[in-house]
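All values below were derived from every heavy atom in this structure, side-chain atoms included, with hydrogens, water molecules and symmetry-related copies excluded. Quick note on labels: first sequence line is chain A, next is B, and so on, each numbered from 1.
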Number of protein chains: 2
Amino acid sequence: MLTERQQDTLDFIRNYLNEHNKAPLISEISKGLGIVSQGTTHRYIQALVDQGYIERLVGRTRGLRLIDDNTESDETFSLKLPYMGKVAAGRLIEAVPDESEIDLGDMFSGKDRFVLKVNGDSMIDKAIMSGDYVVMQAQLTANHGDIVLALVDFHDATLKTLLINDDGTLTLQPANDNYDPVTLPADRVMIQGVVVGQLRTYP
Amino acid sequence: MLTERQQDTLDFIRNYLNEHNKAPLISEISKGLGIVSQGTTHRYIQALVDQGYIERLVGRTRGLRLIDDNTESDETFSLKLPYMGKVAAGRLIEAVPDESEIDLGDMFSGKDRFVLKVNGDSMIDKAIMSGDYVVMQAQLTANHGDIVLALVDFHDATLKTLLINDDGTLTLQPANDNYDPVTLPADRVMIQGVVVGQLRTYP
DNA sequence: TGAAATGTTAACCGAACGGCAACAAGATAC
DNA sequence: GTATCTTGTTGCCGTTCGGTTAACATTTCA
């Protein structure tokens, strides 16, 4: 069982790996968690190793690896569609077919991901319409500017842009001028995940 | 596992090969990485060889070759993500987890489908942003109101809403007030497909 | 009150990095 | 062919930075 900060550490490492395709430095984890001491961070990492969440290549910088917890045991999915290049939605340009593929598996699969259907138009200025699906990465922390699923007062879930204010409060900002941003103390807001993808089908 | 500078070296070599169609000199790599000593660079190259990223033709200048890392697996099909219900993007509502799944394969796979990357913002009012991908169903006809990939005068491809006018002409209508619709006789417009889906990833 | 979780400081060690120099091996000029 | 230049190879050195460990302080909670 992980303690709170151990969980935060694991989340941060996962997040970092997703974004950078390499493991973070201990100092980067420390900074990300708001810890001054690398020694403290090191202890958390050691706890994660002891409990089998991650492994490490001893003595190497960035020597952290996640251990796949594939209890699901489904094989690697990959839905590939032919990729035909770019098309201008602005002006008319020549269509240049490109003999490659894009893999929806690569785009959307990942650990701890789930899908929500969006209801309402408050994110319309970010081109997320009512009826769209969003792919969420479940995590407890997020960065300034991320689109997050936030639980307010342990009761109300909402999809908003997260702004982290200097005074420690958080602002949940809709992307629609008809709605007003809400600013709350951090302890009333629980991040449940960040948006990593969005999809829509047309009838 | 590559160290940071080893990765930089590999990136540089890849880049150089792309641009010049020949391998770089060690001195060129050094310069590119901001290293004075060729000996240092040579050590990085040796590390890349040892780890199987590149091979070399010994004793030859520019004797570097990339080794194809085709660890790709095929076998397509269903990518399922857990579906967690609806969330309000408008007002705050309760999150009701829903224990079902959504299958991207069902949503997007099909006969004669392909993907385009959208460049430009002319469809922004339909919540299709520059950088989004659209899934197209290849077909030669379309209905009034469909978003289509249209080839104009056998030359210019564009993504627009198709309007079929009473007089037999077609109007290609952007979803952006900054752009003007174009009305053309039907024989100058060739429908290449209609949009059946749209996807986007966030960094 | 005592154990667990959290945080800090400081010291130590080795990996990663970079420079220098001597040398070997092709390439080029003559 | 020989001389010379360019390029590649190797070993050795020092510096910096990141990872590790230990000792100690503070907070939380049962």
Nearest-angstrom distance from the residue atom [atom1] of [X] to [atom2] of [N]:
| X | N | atom1 | atom2 | result |
| --- | --- | --- | --- | --- |
| A:His42 | C:dC13 | NE2 | P | 16 Å |
| B:Ile26 | C:dA24 | CD1 | P | 17 Å |
| A:Arg56 | D:dT21 | CZ | C1' | 12 Å |
| A:Ile45 | D:dG19 | CD1 | P | 8 Å |
| B:Leu64 | D:dT9 | CG | C1' | 13 Å |
| B:Arg62 | C:dA25 | CZ | C1' | 17 Å |

Legend entry - Whichever of A:Gln46 and A:Leu25 has its nearest DNA chain D nucleotide further upstream toward 5': A:Leu25

Legend entry - Base versus backbone protein contacts along nucleotides 14-21 of chain C [heavy-atom cut-off under 4.0 Å; B, S, -]: -SSBBBB-

Inset, instruction - Any pair with a residue in residues 22-32 of chain B that passes salt bridge (charged side-chain N to carboxylate O under 4.0 Å, His left out), sequence neighbours left out, goes on the list, sorted by first then second residue, please. - result: B:Glu28-B:Arg62

Legend entry - Sequence neighbours excluded - salt bridge (charged side-chain N to carboxylate O under 4.0 Å, His left out) pairs with any residue from residues 135-145 of chain A: none

Inset, instruction - Can you sort out the partners of A:Thr169 under side chain to side chain donor-acceptor pair (under 3.5 Å), two or more places apart, ordered by chain and number? - result: A:Asn165, A:Asp167

Inset, instruction - Sequence neighbours left out, what passes side chain to side chain donor-acceptor pair (under 3.5 Å) with B:Asn178? Give chain and number order. - result: B:Asn176

Legend entry - Under the salt bridge (charged side-chain N to carboxylate O under 4.0 Å, His left out) test, residues paired with B:Glu55 that sit two or more places apart: none

Legend entry - Candidate list A:Val195, A:Val118, A:Ile128, test side chain to side chain contact (heavy atoms under 4.5 Å, CB included), partner A:Met123, passing option: A:Ile128

